[in-house]
Amino acid sequence: MDIRQATVDDLLGMQNANLLNLPENYTFKYYLYHALTWPELSYVAVDPRGRVVGYILAKMEEEPSEEPCGHVTSISVLRPYRRLGLANKLMRQAQEAMVAHYNAAKITLHVRKSNRAAISLYRDTLGFEVHLMEKGYYADGEDAYGMRYLFQRPT
Ligand code: ACO
């Protein structure tokens, strides 16, 4: 499986994977906004025929803050391609790009409290920590964990 930076041509494939994998869906315009504003931060995993089998849609926080902060809007991998390390690689690519291009000090994301696979990926594999709990964050009322990863920076 090839992992590469997402282009505008990948956005429909990303949206399709998102619709298959998650209840949190976005307009095509929102995908386009990510790709045009932070072209370095979103990645796709593609099969040998070029079909998108996994993606990470990422951005920089737009609210003014002390330090640049990356944010993972959405990540998912099609079911037959899970547990192959693709999400881990997609996350690491986006993390590297956030530091290289935007000097990110940290990354944040939201995840459903019941999403054991994703929480394990973030916490156990990537070293994220839970920093807050947002009650009723999702449309169906489920709570979210706010998770974050702080980059080690030279002092
Ligand atoms: N159960 C427990 N731990 C898991 C699981 C699982 N089902 N899947 C992944 N992990 C953890 C493990 O620690 C794993 O390491 P290991 O395989 O060496 O044990 C580690 O994550 C890395 O796994 P990957 O193979 O890189 O993960 P994968 O490519 O399968 O993708 C993902 C994980 C994205 C959570 C996938 O299951 C998925 O698409 N789920 C549905 C969509 C989703 O929940 N997306 C996240 C929503 S939150 C957000 O988008 C910000």
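Numbering of ligands and ligand atoms starts at 1, following listing order.
For an aromatic pair to be called close, the ring centres must be under 6.0 Å apart, and Y145 with H110 fails this.
Ion pairing between a basic and an acidic side chain is recognised when a charged N comes within 4.0 Å of a carboxylate O; R148 and E129 show such pairing.
Of all atoms in ligand 1, listed by their number and element, those nearer than 4.0 Å to a heavy atom of L121 are 11 (C), 21 (O), 22 (C). Atoms of ligand 1 lying under 4.0 Å from at least one heavy atom of H110, given by number and element, are 48 (S), 49 (C), 51 (C). Counting atoms of ligand 1 from 1 in the listed order, those under 4.0 Å from a heavy atom of S76 are 39 (O), 42 (C). Short contacts between ligand 1 and L84, defined as distances under 4.0 Å to a heavy atom of the residue, involve ligand atoms 25 (O). Near N88, meaning under 4.0 Å from any of its heavy atoms, are these atoms of ligand 1: 26 (O). Residue S74 has at least one heavy-atom neighbour below 4.0 Å for each of these atoms of ligand 1: 50 (O).
In terms of heavy atoms, L22 sits closest to N25 at O-ND2, 2.9 Å. Residues A58 and H34 come closest through the heavy atom pair O-CD2, 3.3 Å.
The protein non-hydrogen atom at the shortest distance from atom 25 (O) of ligand 1 is G85 N, 2.8 Å. Looking only at heavy atoms of the protein, atom 28 (P) of ligand 1 is closest to A87 CB, 3.6 Å. Scanning the protein for heavy atoms near atom 44 (O) of ligand 1, the closest one is N115 ND2, 2.7 Å. Distance from atom 10 (N) of ligand 1 to its nearest protein heavy atom, with residue and atom name: A117 O, 3.7 Å. Remark: minimum distance from atom 41 (C) of ligand 1 to any protein heavy atom is reached at R82 NH2, 3.5 Å. In this structure, the protein non-hydrogen atom closest to atom 39 (O) of ligand 1 is V77 N, 2.8 Å. Of the protein's non-hydrogen atoms, the one nearest atom 46 (C) of ligand 1 is I75 O, 3.4 Å. In terms of protein heavy atoms, atom 3 (N) of ligand 1 is closest to S120 OG, 3.3 Å.
Within a 6.0 Å radius of NZ in K59, more than 12 heavy atoms belonging to other residues, nucleotides or ligands are found.
The option with the heavy atom closest to atom 43 (C) of ligand 1, from among L20, N21, L22, is L22. With atom 15 (O) of ligand 1 as the reference point, the heavy atom nearest to it among T125, I56, L126 is part of T125.
At a 4.0 Å cut-off, at least one heavy atom of Y122 sits close enough to ligand 1 to count as contact. Under a 4.0 Å heavy-atom criterion, R83 is in contact with ligand 1.
Between S74 and Y55, the side chains place a donor N or O and an acceptor N or O closer than 3.5 Å (distance only, hydrogens not considered).
Counting only distance, with no hydrogens or angles, the side chain of D143 and the backbone of K113 share no donor-acceptor pair below 3.5 Å. Looking at N21, its side chain does come within 3.5 Å of a backbone N or O of V77 through a donor-acceptor pair.
Contacts of L78 with ligand 1, taken as heavy-atom pairs under 4.0 Å, are absent altogether.
A distance of 8.0 Å separates CD1 in I107 from OH in Y149, rounded to the nearest 0.5 Å.
For atom 30 (O) of ligand 1, a protein heavy-atom neighbour is present inside the 4.0 Å cut-off.
A cation-pi contact links R112 to Y138, judged by a cut-off of 6.0 Å to the six-membered ring centre and 45° from its axis.
Using the six-membered ring where Trp is involved, Y26 and Y30 have ring planes that are tilted, between 30° and 60° apart.
T125 has its side chain within reach of R92: a pair of non-hydrogen atoms, C-beta onward, lies under 4.5 Å apart.
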